[in-house]
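Below: one structure, written as structure tokens.
All figures in this text were calculated on a predicted structure; none of them were measured in a lab.
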2 protein chains.
Amino acid sequence: MGRDGKPTRDKILTESKALVLDNGFSGTSIDQILERTSITKGAFFYHFKSKNDLALALIQEHAREDKAEMDRALEKTEFFRDDPLKRLLQFVQEFIDTMSSLQKPYPGCLYASFIYEAQNFSQEINNYICDSISIWRDTLKILLHDVLREYDTRLDVDIESLADLFKVIFEGAFIVSKALDEPDVIAKQLIHLKNYFELVFESKK
Amino acid sequence: MGRDGKPTRDKILTESKALVLDNGFSGTSIDQILERTSITKGAFFYHFKSKNDLALALIQEHAREDKAEMDRALEKTEFFRDDPLKRLLQFVQEFIDTMSSLQKPYPGCLYASFIYEAQNFSQEINNYICDSISIWRDTLKILLHDVLREYDTRLDVDIESLADLFKVIFEGAFIVSKALDEPDVIAKQLIHLKNYFELVFESKK
DNA sequence: AATTATACAGACTAGTTGGTATGTTTAAAT
DNA sequence: ATTTAAACATACCAACTAGTCTGTATAATT
């Protein structure tokens with residue numbers, strides 16, 4: 001009954017995400033999206049009942065991919081579970097590897113883009129962003145507490161904010177990388193995060 | 001000849017900056033600005049020949065204040081010039097102090113806001129942002145090289161990216177702070193930067 | 001007091017915006 | 001072959017957008 005709409009919907013999401021990261025959500029018109037996807041208004045409003053509905057779908061999709069990347073890195077580092085610090089360091093290294101082969105600056109993060117025009121969005125969307133970033137905090141907190149069971153810290157550190165530091169550096173690096181048009185900023189900043197982890201923890205005597 | 005227009009112009013800049021940080025630049029209409037400032041279209045377009053002209057003025061003004069804060073912190077830490085590490089740490093501490101008394105999340109940074117809709121702006125504006133962030137890099141590089149003359153590093157660090165880390169953490173902390181609606185994120189993240197500086201440098205033997 | 005340039009007020013416009021209404025095509029199920 | 005619902009296409013609209021135009025108030029200068 002009718003043809004398959006998923007490719008169209010996916011195309012809309014992919015192209016509009018790219019447009020939003022360049023122009024902002026308010027700065028991206030539906031007509032622009034239609035041009036990039038070579039579809040028409042009828043098709044667009046068949047898949048999304050409003051522009052705000054597209055925003056919600058964009059964030060949900062981004063949150064899905066975001067969490068998937070986190071889980072992938074978690075799985076790949078399970079091998080080091082016996083040494084929680086090694087695991088933590090390798091966890092960061094996974095993202096260094098991903099980010100060190102960029103030719104152009106990373107297009108950026110939808111969370112950040114949306115946060116800087118948060119008043120245009122429904123509370124539902126803003127909650128979604130809040131929850132998604134909290135997941136990183138909670139996950140990193142677990143990894144850090146595992147480390148603390150076997151390591152001391154060379155100075156007093158607040159673990160919750162140390163968990164946040166991961167996303168903080170990512171988001172900040174995106175912005176500086178885009179501003180300076182230097183793709184390698186992101187990987188280089190993540191190396192400093194890894195350095196900090198290496199320096200702040202020491203084996204219990 | 002005619003009355004003083006500076007208060008009006010300043011009011012436009014102040015209110016539109018606040019609006020832009022909440023709604024994005026494209027998401028902020030001139031009518032919104034008129035409502036917030038209680039002026040009329042005639043007054044607005046007397047002071048700014050176009051909306052893009054306002055964008056340029058906003059960035060220039062923000063860059064001015066941004067640099068002023070940096071210079072203020074530099075001056076306040078000149079006292080520690082004999083110990084470059086102490087000076088660097090105190091430099092960071094100055095911003096920790098400023099950011100630790102926030103009741104609401106810091107409204108954010110115009111550079112970041114603009115970067116996420118960069119395609120809507122002229123090259124002149126984007127260059128302005130690039131130059132402004134480069135100033136932080138260059139200034140921190142000087143402070144760091146001063147440190148390196150009297151200290152060793154506990155592990156290999158790239159100085160240029162270490163200089164960038166300052167703005168990276170600031171920008172990232174703004175976003176996470178806004179997303180989670182937690183004002184204290186910024187100061188806490190800056191403390192980690194200070195920690196990192198403390199840990200990475202050690203006195204030459 | 002008259003002049004003059006500055007600083008603003010407010011009605012107006014052409015183009016763009018998100019969104020709708022109605023019709024048409026597609027392809028699986030009967 | 002016919003039906004049927006999903007997947008589009010296209011013309012259209014009201015509201016909003018940035019920007020203009022013409023007129024008026026203000027205050028220092030002559």
Side-chain angles (χ1 to χ4, degrees), chain A residues 1-20 22-59 61 110 113-114 117-122 124-125, chain B residues 1-20 22-59 61 113-114 116-122 124-125:
Chain A
M1 342 168 150
R3 57 194 204 252
D4 185 20
K6 191 160 182 301
T8 304
R9 192 188 140 93
D10 287 348
K11 203 177 178 188
I12 295 175
L13 286 173
T14 306
E15 296 302 321
S16 55
K17 178 173 182 175
L19 281 168
V20 167
D22 280 345
N23 308 312
F25 187 78
S26 300
T28 302
S29 71
I30 293 174
D31 283 344
Q32 271 179 277
I33 297 171
L34 302 186
E35 204 175 0
R36 277 273 283 255
T37 52
S38 305
I39 63 166
T40 60
K41 218 153 235 193
F44 180 89
F45 281 100
Y46 173 78
H47 288 287
F48 304 98
K49 70 170 189 282
S50 69
K51 202 191 176 190
N52 192 73
D53 190 43
L54 170 68
L56 181 60
L58 278 172
I59 277 294
E61 180 72 9
L110 270 190
S113 173
F114 277 36
E117 44 181 321
Q119 293 301 315
N120 297 328
F121 300 117
S122 61
E124 185 185 6
I125 289 180
Chain B
M1 338 159 155
R3 57 191 204 255
D4 185 18
K6 192 162 181 302
T8 304
R9 192 189 140 92
D10 287 347
K11 203 176 180 189
I12 294 174
L13 286 174
T14 305
E15 296 301 322
S16 55
K17 178 173 182 175
L19 280 169
V20 166
D22 280 344
N23 308 314
F25 187 78
S26 300
T28 302
S29 71
I30 293 174
D31 284 343
Q32 271 180 277
I33 297 171
L34 303 185
E35 203 175 2
R36 277 273 284 256
T37 51
S38 305
I39 62 163
T40 60
K41 215 149 237 193
F44 179 89
F45 281 100
Y46 173 77
H47 289 286
F48 304 96
K49 70 170 190 281
S50 69
K51 202 191 174 189
N52 192 71
D53 191 44
L54 170 68
L56 180 60
L58 278 172
I59 277 293
E61 180 72 9
S113 173
F114 276 36
Y116 270 105
E117 44 181 321
Q119 293 300 315
N120 296 328
F121 301 117
S122 61
E124 185 185 8
I125 289 179

How close or far is atom [atom2] of [N] from atom [atom1] of [X], stated in whole angstroms?
X      : N      : atom1 : atom2 : result
B/I33  : D/dA18 : CD1   : P     : 8 Å
A/L34  : C/dT16 : CG    : C1'   : 13 Å
A/N120 : C/dT17 : CG    : C1'   : 14 Å
A/E35  : C/dT16 : CD    : P     : 12 Å
A/F48  : D/dC8  : CZ    : P     : 11 Å
B/K49  : D/dC21 : NZ    : P     : 16 Å
A/L19  : C/dG18 : CG    : P     : 12 Å
B/K6   : C/dC8  : NZ    : C1'   : 18 Å

- Message: Just verifying a value: how many Å separate B/L56 CG and B/N52 CG, rounded to the nearest 0.5 Å?
- Response: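 One gets 7.0 Å once the value is rounded to the nearest 0.5 Å.
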- Query: Can you list the steps and then say if A/L54 with A/I30 is a side-chain contact (heavy atoms from CB on, under 4.5 Å)?
  - Reply: CA-CA 10 Å; A/L54 170 68; A/I30 293 174; over 6 Å; no
Considering only distance and modelled atom types, tabulate donor-acceptor pairs under 3.5 Å from the side chains of residues 39-47 of chain A, sequence neighbours left out.
residue : atom : partner : partner atom : Å
A/K41   : NZ   : A/D31   : OD1          : 3.4

- Message: Contact between A/E117 and B/Y116 at the side-chain level, heavy atoms closer than 4.5 Å - yes or no?
- Response: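 A side-chain contact is absent here, since even the closest heavy-atom pair is not under 4.5 Å.
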Would you say [X] reaches [N]'s phosphate, i.e. side-chain N/O to OP1/OP2 under 4.0 Å?
X     : N      : answer
B/S29 : D/dC16 : no
B/H47 : C/dT6  : no
A/Y46 : D/dC8  : no
B/T40 : C/dC8  : no
B/T8  : C/dA7  : no

- Item | Quiz item: A/K51 side-chain donor-acceptor pair to C/dG19 base, under 3.5 Å |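 Check fails, no donor-acceptor contact within cut-off.
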- Residue A/I30, side-chain heavy atoms: nucleotide from D/dT17, C/dG18, C/dT17 that is nearest: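 The answer is C/dG18.
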- Message: Nearest to the B/K41 side chain among D/dA9, C/dA11, C/dG18, which nucleotide is it?
- Response: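 Closest nucleotide to the B/K41 side chain: C/dA11.
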- Reckon B/T28 touches a base, only the sugar-phosphate, or nothing at all at heavy-atom distances under 4.0 Å?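 Sugar-phosphate, backbone atoms only, no base.
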- Task: Just call it for B/G42: base, sugar-phosphate, or nothing, with non-hydrogen atoms closer than 4.0 Å on any strand.
- Result: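 The answer is base, as B/G42 lies within the cut-off (heavy atoms under 4.0 Å) of a base atom.
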Compile the donor-acceptor pairs under 3.5 Å between side chains in residues 10-17 of chain A and protein atoms, sequence neighbours left out, one pair per line.
residue : atom : partner : partner atom : Å
A/D10   : OD2  : A/K6    : NZ           : 3.0
A/K11   : NZ   : A/T37   : O            : 3.2
A/T14   : OG1  : A/D10   : O            : 2.8
A/E15   : OE1  : A/R36   : NE           : 2.8
A/E15   : OE1  : A/R36   : NH2          : 3.2
A/S16   : OG   : A/I12   : O            : 2.5
A/S16   : OG   : A/L13   : O            : 3.3
A/K17   : NZ   : A/H62   : ND1          : 3.1
A/K17   : NZ   : A/E65   : OE1          : 3.4

